[in-house]
Every structure is written in C-alpha cells, then in structure tokens.
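The figures that follow rest on heavy atoms only: side chains count, while hydrogens, waters and symmetry mates do not. Atoms within each ligand, like the ligands themselves, are counted from 1 in listed order. Position 1 is the first residue of the sequence; numbering continues from there.
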Amino acid sequence: MSLVLSDPDLLRQRALIDGEWFDADNGNACDVTNPASGELLGTVPDMGADETRRAIDAAHAAFPAWAKKTAKERAQILRRMFDLMLQHQDDLAALMTAEQGKPLAEAKGEVAYSASFLEWFGEEAKRMYGDTIPGHAGDKRILTLRQPVGVVAAITPWNFPSAMLGRKIGPALAAGCTVVCKPATQTPFSALALGVIAQRAGLPPGVLNIVTGHDAAAIGEEMTGNPKVRKLSFTGSTAVGKRLMAQCAEGMKRVSLELGGNAPFIVFDDADLDAAVAGAIASKYRNTGQTCVCANRLFVQEGVYEAFAEKLVAAVAALRVGDGLQGATDQGPLIDAKALAKVEEHVADATAKGARVATGGKRHALGSTFFEPTVLLDVDAGMLIAREETFGPVAPLFRFQTEDEVIAMANATEFGLAGYFYTRDLARSWRVSEALECGIVGINTGLISTEVAPFGGVKQSGTGREGSKYGLNDYTELKYVCVGGV
Ligand code: ADP
C-alpha cells in the first residue's frame, strides 16, 4: 500500500541548510524504501563533507542571535513545534511506519514522545538557574552562569527516527544551542518532516539544519573535525560511538553517547507472573525488538521458570505480525536484510548449543524482513545471544537459582543501559536496584522512557543523560564569575 499523507508537504526529499532546501552538490540521491514491502518511498540528497561544512557554518552564524533570545522566546517556538507535531501526528506516524516498519500505534506514540521533549525542555530552560556562592574573601563575590555550549552536531539511528532527534534538539534548542543533524540513511523522512515543522513554527534559518547522505563517515568526520562544532550528541552502535568519541578528543568536543545495551530482565519467584509477562512483551517485542533498552536476556528463577515460559509463549504466539500501514499490528518487519541475518545467526547459534525453540524461530511467511516472534528456552551464557544485542524479536530464557547468582549473570556484560526485574519483595527491590550495573532500572515495569527522567547508560552503553533536568546540563557550560574589589 502506498503512503498517502493528508499534508504531502511533510514528505521532504531535500536537505535543510540555513533555512533553504537543497539537493546534493553532485546531484546524487539515496533511495528510501519501506522495509515491509521493499517499495521505493522516495529519495534524499546524497550529501558529504562540503554540504555538512556549510550547514555547520549556518549553525555557527545563527548561534549568537538564538542564544541571545530569552528562554521564553525560545520556548514559544518549541511549544509551536510541539503543537504542530501533535496536529500532524497521523501523517508523521504514517511516514515513520512507511520508512521504518514499526506498527502505526507505536509510531503515533513515538511522535508524541518526540514532541514531549520540545515541550518539556522549552519549559525547563526558563529555569536554567545559576548560583551565588558565599565568597572566600571579604572583597569578592562569586556567582555561576549556565550558557549554551554552542553548535551541536547530532547523529541519530533508524530505530526511533523522530524520538532520537526530539531528545537531542529539544534540550539543545531550549538551552540556546544551534544544531546540525544527520538522520540515519534508512529513515531520513521523519527528520526532514521535523525540519518542515520547525520552519512552520518560526524557528530562524540556520538554527536547525538537517543533512542527509549515505557516507556517514564523511559527514561524521566533518562534524567531529570542524572547530565550530562544540558538542556531538550521538545515538547508535557502540562501535561507531567509540570512533566518534575518539574523533572528538582531538578538538576536545563535549560528547553525549547513547549506545548499545544488553538489558537483563529478571523474574524472581515472588513476582506477579502475569505482570512480568506483560512487561516482557512490552520491553522485548516493542519495535520488533529493535530498541537499545529491549530486554535482551530474560533470567527466570527456577521455581517459576516453566510457568513463566508457558504464559510468555502464549502471549508471544498471539502477537499480530504485519505491515503497519495495513491494519492493526503488534510487530513489523526488521529494518533490513543485515538485521534479519543477525537474528537468524543468534537463533542458529543458540539452538546448535542446546537451546529449544518454544515458539517462532524462523523467517515469517510474510517474507521481506519479517521474523517470527520467538521464545528460546534453556539458554546459557556460552551462547552468542547472551553477549550480543540481538535487536530482534527473540526472547532467550535463562534459568537461575539465587539473587546473588542472577546479579552476577546480569552484570556479566560490557553494556549497562537498562535493567528490569519483577519482585514483590521491597528489600530485594532496593538491593537489586543498587547492584545492577546500568543507568536505568525498571522494577515491575518494562516501559521506562519518558522525557521527565534521565535516560542514559554506564559502562560501554555511553555517557550523558537525555531527558529531565540532568539532560539540560548536557547542553550547557557552567561558567564561574568572580567579582573582586567589592
Ligand atoms: P546501527 O547499527 O543501528 O545502524 P550505527 O551506529 O551504524 O547503528 O548508526 C547510527 C547512526 O550513525 C546512523 O545515522 C549512521 O548513519 C551513523 N554512522 C554510521 N557510521 C558512522 C561514522 N563512521 N561516522 C558518523 N556517523 C556514522
């Protein structure tokens, strides 16, 4: 089914630099396809370092005037963007489902979630307070100011084409920074639509620039090498994040990195099993298992292992798989053939080493990149799926006996983004929350994302926080002012 928008202007096939829409200098374009059908949706300019440099120049030129506006003036524009996003929620969601594959209901939720960062940070930046500090000498006074860091480069992934951008531009623009962003090659239309919305909301030219292109390394090298950029905010794989951090070291740019996860999801034998199943479905199968906070390893205590597995398998077998633009679905296709191959590899490795397929386990009859929602039993630490992020609809169930044992198992990973557990024991809730090596803990819930809370990881899952009052700090510098001769 082809994509029909009530406002076709939201589908932009050009990139946004300094308030104007451009093709690539070389005239080349990249195809954007629907992963559910392989259908060509359109193209975007195949830009490189030169266009990126021009976008950075535009952001740099726009910075002083944008930073000088009052927080309230900036907030009013962000509020208009928020309103426009909700007004066009259906179109933005359809565009997202078409380019990314997620169920339409999830896409609508993502548009609202993305918009919430614009609203919340617009409000929060009005409270970017400094301090007055009791001085160290009678003739001196001390105070602090918080100022925007400057030009921000933002690189975003395909799994949340709107939200990952909203999470970055919300705090950046609210704080007074200007932005050059590069959306993922697979899903640029959601980002470009935000560019249209920003213009309609009255965001001045150059404050938000969006460059597209398949040569991410060339665009990234310009962003990280250009001295006019003061900060990089990246969401994506750990390997690319490390590379970008190293590139940023040369110019001592600030970095915020949201990288891979390998989230443990622990079910203790005192858990409410129905609630744990609902949480596992929400955490594991949302976006077809393609989120960095998806439960990747499900640890189930021995006494409830069989009962939990039985309930989970029933719930997973009932998930509706299909093209999100054609009726209600719970699960869409994977983003591309590479993603499908990785999921197949994880399942093949696990079954070769003794895991059992309780449901699913293979490509879906719908073809394309659809994979059956899958549950694997008797999984152990020697399998690939225990170490790597699967990024697909496969729930591997591990068995454990004691709390100490499962904490050690949960922490036996270089990642540390989210962790979840289900228990009714209050003391255990505290102990396990404190012991898990991760930035986000969900107790008796599988859904933890909100603009009002700090989202981010420890260990190799990254650095920095998005959302909440802490998220604004990532886009400001603290300046200490010492007044003498008083
Ligand atoms: P994924 O495996 O989820 O696609 P990536 O880390 O490869 O994760 O991609 C996340 C984002 O980083 C995308 O926008 C992608 O184009 C971009 N990217 C990939 N490689 C580089 C690179 N070398 N420099 C800058 N950006 C990159």
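Atom 12 (O) of ligand 1 has F234 CE1, 3.2 Å as its closest protein atom, hydrogens excluded (heavy atom only). Scanning the protein heavy atoms around atom 16 (O) of ligand 1, the nearest turns out to be K182 NZ, 2.9 Å. Summary of contacts: the protein heavy atom closest to atom 14 (O) of ligand 1 is T156 O, 2.7 Å. Atom 17 (C) of ligand 1 has its closest protein heavy atom at I155 CG2, 3.7 Å. If you check which protein heavy atom lies closest to atom 6 (O) of ligand 1, you get S237 OG, 2.6 Å. With respect to atom 18 (N) of ligand 1, the closest heavy atom belonging to the protein is A216 CB, 3.5 Å. The single protein non-hydrogen atom nearest to atom 1 (P) of ligand 1 is W158 NE1, 3.7 Å, given as residue, atom name and distance.
The only option from T43, T212, D23 that meets the side chain to side chain donor-acceptor pair (under 3.5 Å) definition with R14 turns out to be D23.
Counting only heavy atoms, the protein never gets under 4.0 Å from atom 9 (O) of ligand 1.
Between Q199 and L16 the shortest side-chain heavy-atom distance falls below 4.5 Å.
The aromatic rings of F265 and Y420 sit tilted relative to each other, their planes meeting at an angle between 30° and 60°.
Donor-acceptor pairing under 3.5 Å is recorded for the side chains of Y113 and R167. Looking only at atom types and distance, the side chain of N159 has no donor-acceptor partner in the side chain of N287 under 3.5 Å away. Checked by atom type, the side-chain pair H346/T390 shows a donor-acceptor distance below 3.5 Å. Side-chain atoms of Q331 and K102 form no donor-acceptor pair, as typed in the model, at a separation below 3.5 Å. When only modelled atom types and interatomic distance are considered, E99 and S190 share a side-chain donor-acceptor pair under 3.5 Å. For S233 and K168, the side-chain atoms include at least one donor-acceptor pair closer than 3.5 Å.
Of the heavy atoms in M223, none comes closer than 4.0 Å to ligand 1.
F391 does not count as a contact of ligand 1, since none of its heavy atoms falls under 4.0 Å from the ligand.
Listed by atom number, the atoms of ligand 1 under 4.0 Å from G220 heavy atoms are 25 (C). Atoms of ligand 1 found under 4.0 Å from any heavy atom of L244 (numbered from 1 in listed order, with element): 24 (N), 25 (C).
When V240, I219, T185 are checked for heavy-atom proximity to atom 21 (C) of ligand 1, V240 turns out nearest.
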